[in-house]
Amino acid sequence: MQTFRRGANGFSLIELMVSLVVGLVVLAGLVSVLMGSRQAYSLQQGNNFNQENVRFAATRLAWSLRMADFWGGVKPGDIKPTTNVAGIGNTGCTAAWVLDVGDATHQNGIHGYDGGASFPIADCVPDSNYVKGSDVVVVRYADTHGYDPDKGATTPRFDSTDLNVVPNQTSIFLVAGVGQQASFLRRDDAVPASTVTTPTGRYVYPFQLEMYYLRPCADPGADALCGTSDDGDADARTPSLVRMRLDPSGGLVSEVVVDGIEQLNFEYATPVGSAGAKPGQFVRASDANWEAVTQVRASFVARSSVRDTRMPHPAVLTLSPHCAYEISATGGVTYPSVTDTNTCQPNTPLSAYGDNPQQYVRTLNTQVVLLRNRVRG
């Protein structure tokens with residue numbers, strides 16, 4: 001009985017303390033593994049988000065560029081303008097700029113602008129809503145959702161006030177027929193009569209204008225301006241690829257295509273033998289011959305949505321011979337020497353990089369887009 005009582009006394013204090021220490025060590029190891037797994041999952045999720053942004057931005061840009069200068073089978077010089085321009089555009093991007101399609105010297109189905117310290121078209125976009133040093137491109141075309149203006153009596157007429165009559169709602173349209181004349185008109189205008197004796201294959205197309213640029217924030221808030229109190233901490237803003245387009249009234253509205261795009265650069269090429277600077281080579285917008293441009297090289301940098309605080313991610317990002325920047329392991333942003341003037345180096349620091357930019361993983365994407373409507377003539 002005495003031996004049994006000694007065996008039932010339980011653990012000693014020392015044994016209990018050793019057990020607790022061993023358990024805590026095991027628990028700490030499990031917590032560390034779980035935290036590491038969670039952080040790795042977040043980083044992988046951020047990288048997947050980054051790759052999806054790259055894919056979507058590349059697809060959207062390529063589609064718009066390929067549509068440039070589609071006018072329903074007519075040359076831009078054969079398009080008759082409209083005098084009904086009330087309410088089109090804004091202070092800087094006026095109605096004349098929106099409808100800048102016409103004679104051979106203004107074949108502005110595509111036009112680009114080099115980046116700088118302010119938005120390249122004065123008073124069109126507030127400078128606070130522009131990522132300094134990033135390029136801007138504008139494409140104009142007739143949307144492929146055309147329809148016959150001479151449908152039956154039971155079909156609503158084109159000049160109906162019902163916006164749902166026409167897909168891709170806009171205020172400006174183009175009536176055109178292959179090898180015939182073309183005219184711009186407003187939504188409530190009657191379709192102009194054809195000057196051809198026997199018109200065939202005439203269709204009405206919504207006119208589309210799309211301008212792509214970078215904005216320092218995804219949501220500028222109630223005042224529509226980045227960098228103010230209603231869109232959060234300036235260092236935490238997300239640079240975004242933005243598309244400006246026409247709204248149903250003829251005004252211009254900007255919408256985010258994809259966020260996380262940090263830098264944007266365009267180059268343009270003309271066929272060998274054409275007039276202008278460096279035919280057969282890609283040049284920046286200020287050196288391009290816009291009448292003959294047939295290719296666009298679009299480059300952009302996408303960054304992850306999740307920070308990696310475990311290790312820095314330095315990067316040298318060369319978008320073109322006239323656009324490059326470097327992010328050091330300590331977060332500094334510098335601009336290395338390039339073949340031409342570094343247009344990605346603004347006169348003031350880029351706010352889009354934010355604080356600790358070395359904590360983001362970045363992806364550089366470059367693609368060449370053939371302007372098929374110009375190549376086909």
Side-chain angles (χ1 to χ4, degrees), residues 64 67-72 74 76-103 106-111 113 118-130 136-147 149 156-176 181-193 202-213 215 219-226 242-257:
S64 292
M67 286 300 299
D69 261 335
F70 171 73
W71 305 115
V74 301
D78 296 329
I79 299 175
K80 182 180 178 181
T82 177
T83 57
N84 185 2
V85 296
I88 297 178
N90 60 24
T91 303
C93 291
T94 62
W97 176 85
V98 170
L99 297 172
D100 192 8
V101 179
D103 59 72
H106 295 88
Q107 294 187 24
N108 287 333
I110 181 169
H111 195 93
Y113 303 85
S118 60
F119 196 78
I121 307 173
D123 299 323
C124 182
V125 173
D127 289 341
S128 62
N129 286 3
Y130 167 64
V136 177
V137 69
V138 178
V139 292
R140 299 175 176 89
Y141 60 92
D143 199 290
T144 55
H145 294 86
Y147 77 101
R157 297 294 301 170
F158 168 73
D159 52 359
S160 167
T161 57
D162 182 7
L163 281 175
N164 293 323
V165 171
V166 182
N168 292 359
Q169 298 175 4
T170 181
S171 172
I172 309 168
F173 295 84
L174 177 81
V175 57
Q181 97 290 351
S183 300
F184 281 128
L185 66 154
R186 298 297 290 273
R187 175 174 56 85
D188 294 330
D189 294 340
V191 178
R202 293 180 80 222
Y203 287 90
V204 173
Y205 304 91
F207 169 72
Q208 299 293 346
L209 176 137
E210 296 178 330
M211 178 164 65
Y212 290 92
Y213 65 97
R215 191 167 67 192
D219 183 5
D223 62 357
L225 295 174
C226 294
V242 174
R243 177 182 66 170
M244 177 181 282
R245 61 174 179 82
L246 290 167
D247 66 14
S249 67
L252 296 171
V253 59
S254 294
E255 56 190 11
V256 172
V257 176

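Any value given below was found using the heavy atoms of this structure, including those in side chains, with hydrogens, waters and symmetry copies removed.
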Quiz item: What are the two closest heavy atoms between Gly109 and Ala68, and how far apart are they?
Solution: O-CB, 3.5 Å

Quiz prompt | Set of ring pair (Phe, Tyr, Trp, His ring centres under 6.0 Å) partners for Tyr212, sequence neighbours left out | solution = none

Exercise. Step through it carefully: locate the ring centre of Phe184, locate the ring centre of Phe173, and say whether they are under 6.0 Å apart.
Key: no

Quiz item: Rounded to the nearest 0.5 Å, how far apart are CG of Leu209 and CD1 of Ile88?
Solution: 11.0 Å

Self-check item: Pro220 side chain near Leu225 side chain, heavy-atom distance below 4.5 Å
Solution: no

Practice problem: Report the relative orientation of the aromatic rings in Tyr205 and Phe70; use parallel for angles under 30°, tilted for 30 to 60°, perpendicular for over 60°. | Solution: perpendicular

Quiz item: Are any of the side-chain heavy atoms of Cys124 and Asn90 separated by less than 4.5 Å?
Solution: yes

Quiz item: Are any of the side-chain nitrogens in Arg245 or Glu210 under 4.0 Å away from the carboxylate oxygens of its partner?
Solution: no

Quiz prompt | Under 3.5 Å donor-acceptor, Asn108 side chain and His111 backbone | solution = no

Exercise. Taking the side chain as every heavy atom from C-beta outward, state whether Leu252 and Asp247 have any pair of such atoms under 4.5 Å apart.
Key: no

Quiz prompt | For the student: nearest non-hydrogen atoms of Arg202 and Pro192, plus distance | solution = NH2-O, 2.9 Å

Practice problem: Begin from the C-alpha positions of Phe207 and Asp143 and carry the test side-chain contact (heavy atoms from CB on, under 4.5 Å) through to its verdict. | Solution: CA-CA 6 Å; Phe207 169 72; Asp143 199 290; over 6 Å; no

Exercise. Might you work through the side-chain contact (heavy atoms from CB on, under 4.5 Å) test for Tyr203 and Leu174, ending with a clear yes or no?
Key: CA-CA 8 Å; Tyr203 287 90; Leu174 177 81; over 6 Å; no

Practice problem: Give the minimum heavy-atom separation between Asn129 and Arg215, together with the two atoms involved. | Solution: O-CG, 3.2 Å

Quiz prompt | Any Val139 side-chain heavy atom under 4.5 Å of Asp69 side chain | solution = no

Quiz item: Between Arg186 and Ile172, is any pair of side-chain heavy atoms under 4.5 Å apart?
Solution: yes

Self-check item: side-chain contact (heavy atoms from CB on, under 4.5 Å) between Trp71 and Val101, worked out
Solution: CA-CA 10 Å; Trp71 305 115; Val101 179; 3.7 Å; yes

Self-check item: Check: Arg140 side chain, Val98 main-chain N or O, donor-acceptor pair, under 3.5 Å
Solution: yes

Quiz prompt | Residues Thr82 and Asn84: side-chain donor-acceptor under 3.5 angstrom | solution = no

Practice problem: Locate the shortest heavy-atom distance separating Val138 from Tyr113; write the atom from each residue and the value. | Solution: CG2-CE1, 3.8 Å

Quiz item: How long is the span from the CG atom in Asp100 to the SG atom in Cys93, to the nearest 0.5 Å?
Solution: 11.5 Å

Quiz item: Of all heavy-atom pairs between Val191 and Leu185, which one has the smallest distance, and what is that distance?
Solution: CA-CD1, 4.0 Å

Exercise. Return the minimal non-hydrogen interatomic distance between Val136 and Tyr130, and the atom names on each side.
Key: CG2-CE1, 4.2 Å

Quiz item: How about Phe119 and Tyr213: are their ring centres within less than 6.0 Å of each other?
Solution: yes

